[in-house]
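What's counted below: heavy atoms across the whole structure, side chains too, no hydrogens, waters or symmetry copies.
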Amino acid sequence: MNDNHPAGRGPTHPLTVADVLALPVLAAGRPDVVTGLRHLDRPVRWVHITELTDPASFLKGGELVLTTGMPLPQDAAGVRRYVDELADIGAAALVIELVRRYHRPPETLVDACHRRGLPLVTLAKDVNFLEVTQVVHALLLGNQAEAMRRTQHIHEAFTTLTLRGAGPEDVVRAAAQMSGRTVVLENLAHQALICEPSGLTVEEALADWEQRSGATGPCDTTATHGPEGWLTTPVEYQGERWGRLAMLPARTGGAAFGPEDTTLLGRAAMALTVARLIHPTPWERTAHRNALRELMEQRHRSAQDARARCSALGLPTDRSHFIATLVDLRAAQGGTEMESRLLQELRTAGVPALVGELAPGRLGILLALRGSQPWRPLVERLSVTVLSLVPDAVVSVGSEVTDLIDTTRSFREAARVAEATPPRQPLPPDRSFNELSDIGLRRLLYALREDARIQEYTERQLRRLIDHDTQHSADLLTTLRHYLDAAGNKTTAARRSGLSRETMYQRLRTIERLLGRDLEAGDQRTELHVALTALDVLRAG
């Protein structure tokens, strides 16, 4: 790095008054900031040496004005006019050497600069002004060349993303990485659909998002505005404004947004417009899917981040209770249509929720309910809607939870219920959805039917009896089932089998001999009952 380059500031950032004063060539003059200390972050566009009484007529704004003080007017009115002209044209600062004419700055000059907020800097030692201009101009020109290279890189990067068919997440992520700032994509309802944090946590970026975004107000161009100084740009779709992209300032001590940030955000917005044409699925729906998957897979960095992200999507996370619901369409198609119908149903009911496809053929719904609002009538209403479109669909629910983070458990329970639900499983007449209390032994074994340990257990318990029936065209397996279903009551079992008691006794003795079991022992009957139930489940497939 060039020794004259201000430490800690990259070459593409605007050179400020503070940067220039820190250069060795000026620091040697022992600069002292007399006024305008709060304005040392002003960018320096050029350096201008002058001994004229009206230097402003040769300036365009942004210049660091160097003078020995020789041309300053003698009268107070003339000094004020001198300063006013510099301030009006937008000079960055006035630097006066206290070596020849003055040994301390005139009070009239100090007052005038203070009144106009113009930084006034004095030099206690002689400085080679020409060398100052050479050093600063070299830095400025280097900045301009680097800025051009960076701008070209921005255009090339987003062009590559567009040609690759990148989705909105890729575009927003690229904008955040290239700028080193947090970038958020929101829709017109002030819902934050994508947030790529940089230097901020998700919680810091999205806390109270709807209110903060509303306070920022709309803008037709890429510009900095609003109480927090967001850099925003509109995002369009088919010629209509669809939402906007916001770049957030650093939490503390960050540099102001520069021309490069403006270029980058505008170019990102253009890439998003193209991405919307390539990826027609509504991005609100994608945002819901991503939020649900993050909750289910616990991919959020913290509970606070998860709450902030869901809240920014319109889901109330405080003083709410939640219920997770899964819709399995099985072999049916039409998940997108089902998403739309369920969202419309929830809007009609006035219930905030996240709805999204979690996997092919499986939709997830997270309901946020207020106070004592019951969840059963709402889930029943959604289930009826689902079954009207896909009669063979299965709707499963987990347990109700009061903390958003616990919805992971609720979804896990709903998934267990779905796994334990065979096709066309009968339900009680008063509801059309499945819940944890429905899972008995048969449905538990159905969920575990592909576990080799269940298959091996069934084989070990019943194989000899099955082989005997096959070899002798007998039906001892049915006899055993009737006996076990009758809880060991031989008379009831014989009647159900259409057999005499003597025949039933004979068959039970044969079963005991083949299996090496005592059918009078309750634990052994239980083991055989589990094995028979598992066999039925395995044969049903």
Side-chain angles (χ1 to χ4, degrees), residues 4 6-9 13-73 75-127 129 132-133 135-137 139-140 143 224 229 249-250 252-259:
N4 286 321
R9 181 173 292 276
H13 290 78
L15 201 65
T16 66
V17 174
D19 294 332
V20 174
L21 296 181
L23 295 171
V25 67
L26 260 178
R30 302 212 308 262
D32 178 36
V33 180
V34 180
T35 68
L37 187 63
R38 293 186 298 114
H39 302 298
L40 297 186
D41 59 348
R42 289 180 176 177
V44 175
R45 189 185 63 83
W46 207 243
V47 177
H48 185 75
I49 305 171
T50 183
E51 300 299 339
L52 300 174
T53 58
D54 60 340
S57 59
F58 295 92
L59 305 179
K60 293 184 178 179
E63 292 87 356
L64 185 78
V65 178
L66 304 178
T67 181
T68 61
M70 298 299 292
L72 282 179
D75 58 307
V79 171
R80 285 195 296 271
R81 183 176 62 254
Y82 183 90
V83 171
D84 284 342
E85 290 179 357
L86 291 178
D88 289 343
I89 201 66
L94 175 63
V95 179
I96 181 171
E97 197 177 64
L98 302 180
V99 176
R100 293 170 177 80
R101 179 176 177 183
Y102 299 105
H103 296 287
R104 65 176 185 174
E107 289 298 325
T108 53
L109 180 63
V110 174
D111 291 343
C113 289
H114 179 73
R115 180 173 57 85
R116 294 302 306 269
L118 179 68
L120 173 64
V121 182
T122 61
L123 300 175
K125 295 183 63 177
D126 191 24
V127 168
F129 283 173
V132 172
T133 63
V135 170
V136 175
H137 290 171
L139 288 173
L140 290 171
N143 269 4
T224 303
T252 54
F257 294 116

Checklist outcome for this item: Rounded to the nearest 0.5 angstrom, the CZ-OG1 distance for R80 and T108 is 8.0 Å

Checklist outcome for this item: Sorted by chain and number, sequence neighbours left out, side chain to side chain contact (heavy atoms under 4.5 Å, CB included) with R81 holds for E85

Item to check | Residues V110, T35; criterion side chain to side chain contact (heavy atoms under 4.5 Å, CB included); working and verdict | outcome: CA-CA 7 Å; V110 174; T35 68; 3.9 Å; yes

Next on the checklist: Does any part of the side chain of V34, heavy atoms only, come nearer than 4.5 Å to the side chain of V121, both counted from C-beta?
Outcome noted: no

Checklist outcome for this item: P119 and G117 have their tightest heavy-atom pair at CD-O, 3.5 Å

Checklist entry - Taking the side chain as C-beta and beyond, is there a heavy-atom pair between L26 and V20 under 4.5 Å? => result yes

Item to check | Residue pair V33, L40: steps toward the side chain to side chain contact (heavy atoms under 4.5 Å, CB included) verdict | outcome: CA-CA 9 Å; V33 180; L40 297 186; 4.0 Å; yes

Item to check | Pairs where residues 58-71 contributes a residue and the test salt bridge (charged side-chain N to carboxylate O under 4.0 Å, His left out) is met, not counting sequence neighbours | outcome: R45-E63

Next on the checklist: Show the nearest heavy-atom pair for residues A92 and G62, with the distance to one decimal.
Outcome noted: CB-O, 3.8 Å

Checklist entry - side chain to side chain contact (heavy atoms under 4.5 Å, CB included) with Y102: which residues, sequence neighbours excluded? => result L72, I96, L98, P106

Item to check | Residues forming a salt bridge (charged side-chain N to carboxylate O under 4.0 Å, His left out) with D111, sequence neighbours excluded | outcome: none

Checklist entry - Say you draw a straight line from CZ of F129 to CG of L123; how long is it, rounded to the nearest 0.5 Å? => result 6.0 Å

Next on the checklist: My understanding is that only residues two or more places apart in sequence, or in another chain, count here; which of them pass salt bridge (charged side-chain N to carboxylate O under 4.0 Å, His left out) with R42?
Outcome noted: none

Checklist entry - Is the shortest heavy-atom distance from the side chain of D19 to the side chain of V44 under 4.5 Å? => result no

Next on the checklist: Applying side chain to side chain contact (heavy atoms under 4.5 Å, CB included), can you list everything that pairs with A124, at least two apart in sequence or on another chain?
Outcome noted: R30

Checklist entry - Minimum heavy-atom separation for A27 to A22, with atom names? => result CB-O, 4.3 Å

Checklist outcome for this item: Interatomic distance, CG@L66 vs OG1@T133, rounded to 0.5 Å, equals 8.0 Å

Checklist entry - Going by heavy atoms in the side chains, are L86 and V65 under 4.5 Å from each other? => result yes

Checklist entry - So how far is it from L118 CG to D84 CG, rounded to the nearest 0.5 Å? => result 10.0 Å

Item to check | Separation between CG of L64 and CG of L94, rounded to the nearest 0.5 Å | outcome: 8.5 Å

Checklist entry - Tell me, do V132 and V135 make a side-chain contact under 4.5 Å, heavy atoms counted? => result no

Next on the checklist: What I'd like to find out is whether the side chain of E97 reaches to under 4.5 Å of the side chain of D126, using heavy atoms alone.
Outcome noted: yes

Checklist outcome for this item: Between V127 and G29, the two heavy atoms sitting closest are CG2-CA, 3.5 Å

